[in-house]
Amino acid sequence: MAIFTSLVRKEALHIVRDRRTMTITLLMPLVLLLLFGFAISTEVNDVSICAVADTHTDGTRAIFEHMRVNSCFTFQGLASPAEAERMLRSGRTDAILFLKTDAGNTSAQIMVDASNTATAKAVTGYVQGVLAEGLQEGPVITRILYNPEMKSAYNFVPGILGMIFILICAIMTSVSIVREKETGTMDLLLVSPARPSTVILGKLVPYFLLSCIILAAMLATSYTLLGIPFSANILSVISISLLYILLSLSIGLLVSTFADTQLTALIVSTVMFMLPVIMLSGMIFPIDNMPAPLRWLSCAIPARWYIEAMRRLMIQRLDITCVLRETAILAAMTAALLVLSVKKLKSAK
């Protein structure tokens, strides 16, 4: 226990004195600006939509035909109101179009999932454009779930949480063991009585405590200044976030066991983890709009599962039972990374 406490105290001092991560935080916005400005498209394609109609008229048939021939849509046909709502809540469709005919006049209502604001705006715009062409009479009523005011904070808060924890945890811990190699103290640790698992945990704890403070500050800001609706599942949000923090720390430690210099560790952590998080996690760009190979690759990105879980817990305010798949995947990734880190350090010993 004394060895573990000494390792924690030693690593805490390094956290206070280390200034290398400041370089990353200054360069990263420039890299992201170039990517967002020149290489990435935010256009939403292949919008899935189903329809509910009480009566078939020439007007409703014209609308359905417009949707079938429009390349932006994947028209899933007609469904009952209950089945359509189940499809929307389960993610099998992006929007529902309700058509009602009364005294020869046809009115329309759009129901769309706004847990992802960017996608919801695009879907609503596409559907209204088709209705303008095929619907000549009656009002169009739009019903928006989860985010009725279409606040952008609802969309970017889960993504920012996923990105910040990778930045703070993975990049900072990626230099922890490498620093020992460069200063020569790694040899002392290898010949000391401390086991590899003790060394790993000793370096993990200070960064975990620091990340907990950051988590508390970010959640407080999200629920107050940014107006994210507070719900009773706050403990679920905290639990999943702590698991993701541990996963991010494990990523950095694994990189640290392989890298030989701190610069190499920083480059690997930045290029191999930060950019995939931004582009493939669903933080900004819809995963459903990506080519199939990128969608498969995104399954290996931890931030994807964390962001999906946070959107369901924070924005949709669902119960933790609705994110069991994401939780299981994050837990499995964390366990695998910790085991690999300990084994790699043990092989060096």
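What you are looking at is a predicted structure, and each value in this text was computed from that prediction instead of being measured. Side-chain atoms are counted along with the backbone in the values below, which use heavy atoms only and exclude waters and symmetry mates. Sequence positions, counted from 1, serve as the residue numbers for this chain.
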Review point. If you measure from CD on Glu83 to CZ on Arg92, what distance do you get to the nearest 0.5 Å?
Key: 5.0 Å

Check your understanding: Would you say Leu242 and Leu161 are hydrophobically clustered, going by side-chain heavy atoms of ILVMFWY under 4.5 Å?
Key -> yes

**Study point:** ILVMFWY network linking Val112 to Phe64, side-chain heavy atoms under 4.5 angstrom
**Key:** yes

Practice item. State, yes or no, whether a side-chain contact exists between Val277 and Ile301 at a heavy-atom distance under 4.5 Å. Key: yes

Practice item. May I have the step-by-step check of side chain to side chain contact (heavy atoms under 4.5 Å, CB included) for Ile96 and Val52, ending in yes or no? Key: CA-CA 7 Å; Ile96 305 172; Val52 177; 4.1 Å; yes

Exercise for review: Take Ile240 and Thr327 through the test side chain to side chain contact (heavy atoms under 4.5 Å, CB included) and record every step on the way to the result.
Suggested key: CA-CA 7 Å; Ile240 301 298; Thr327 304; 3.1 Å; yes

Point to revise | Short side-chain to backbone donor-acceptor contact, Ser241 and Val237, under 3.5 Å | key: yes

**Study point:** Contact check, side chains of Met310 and Tyr244, non-hydrogen atoms, under 4.5 Å
**Key:** no

Point to revise | Spacing of Ser341 atom OG and Phe258 atom CZ [to the nearest 0.5 Å] | key: 8.0 Å

**Study point:** same_hphob_cluster(Met87, Ile110) at 4.5 Å side-chain heavy-atom cutoff
**Key:** no

**Study point:** ILVMFWY cluster, Trp305 and Leu324 together (side-chain gap under 4.5 Å)
**Key:** no

Study note, to complete from the structure: Heavy-atom closest pair (Pro158 atom, Ile315 atom, distance to 0.1 Å) is CG-CG1, 4.4 Å

Check your understanding: Looking at side-chain heavy atoms only, is the closest gap between Leu297 and Leu280 below 4.5 Å?
Key -> yes

Check your understanding: Once you round to the nearest 0.5 Å, how far does OG of Ser250 lie from CD1 of Ile245?
Key -> 11.5 Å

Check your understanding: Checking salt bridge (Lys or Arg N to Asp or Glu O under 4.0 Å) for the pair Glu85/Arg89: CA distance, chi angles, key distance, verdict?
Key -> CA-CA 6 Å; Glu85 187 166 348; Arg89 295 186 182 277; 3.1 Å; yes

**Study point:** Short side-chain to backbone donor-acceptor contact, Arg312 and Val323, under 3.5 Å
**Key:** no

**Study point:** Carboxylate-amine/guanidinium proximity below 4.0 Å for Arg325 and Glu308
**Key:** yes

Review point. Same hydrophobic cluster for Met163 and Leu210, using side-chain heavy-atom links shorter than 4.5 Å among ILVMFWY?
Key: yes

Point to revise | Donor-acceptor contact below 3.5 Å, side chain Asn233 vs main chain Leu313 | key: yes

Check your understanding: Do the non-hydrogen side-chain atoms of Phe165 and Leu247 ever get within less than 4.5 Å of each other?
Key -> no

Exercise for review: Can you measure from CG (Leu99) to CZ (Arg61) and round to the nearest 0.5 angstrom?
Suggested key: 12.0 Å

Check your understanding: Any side-chain donor-acceptor pair under 3.5 Å between Tyr306 and Ser281?
Key -> no

Practice item. Starting from the C-alpha separation in whole Å, work towards a yes-or-no answer on side chain to side chain contact (heavy atoms under 4.5 Å, CB included) for Asp54 and Phe98. Key: CA-CA 9 Å; Asp54 60 344; Phe98 293 91; over 6 Å; no

Point to revise | Shortest non-hydrogen contact from Leu97 toward Ala108 | key: CD1-CB, 4.1 Å

**Study point:** Ile251 versus Pro302, closest heavy-atom pair with distance
**Key:** CD1-CG, 4.0 Å

Check your understanding: For the atom pair CE (Met333) and CG (Leu338), what is the distance rounded to the nearest 0.5 Å?
Key -> 13.5 Å

Practice item. Decide yes or no on side chain to side chain contact (heavy atoms under 4.5 Å, CB included) for Phe230 and Leu219, but give the supporting numbers first. Key: CA-CA 10 Å; Phe230 189 84; Leu219 290 180; over 6 Å; no

Review point. Is it true that a side-chain atom of Arg295 and a backbone atom of Met290 form a donor plus acceptor pair closer than 3.5 Å?
Key: yes

**Study point:** Rounded distance (nearest 0.5 Å) linking atom CG of Leu246 with atom CG of Leu337
**Key:** 9.5 Å

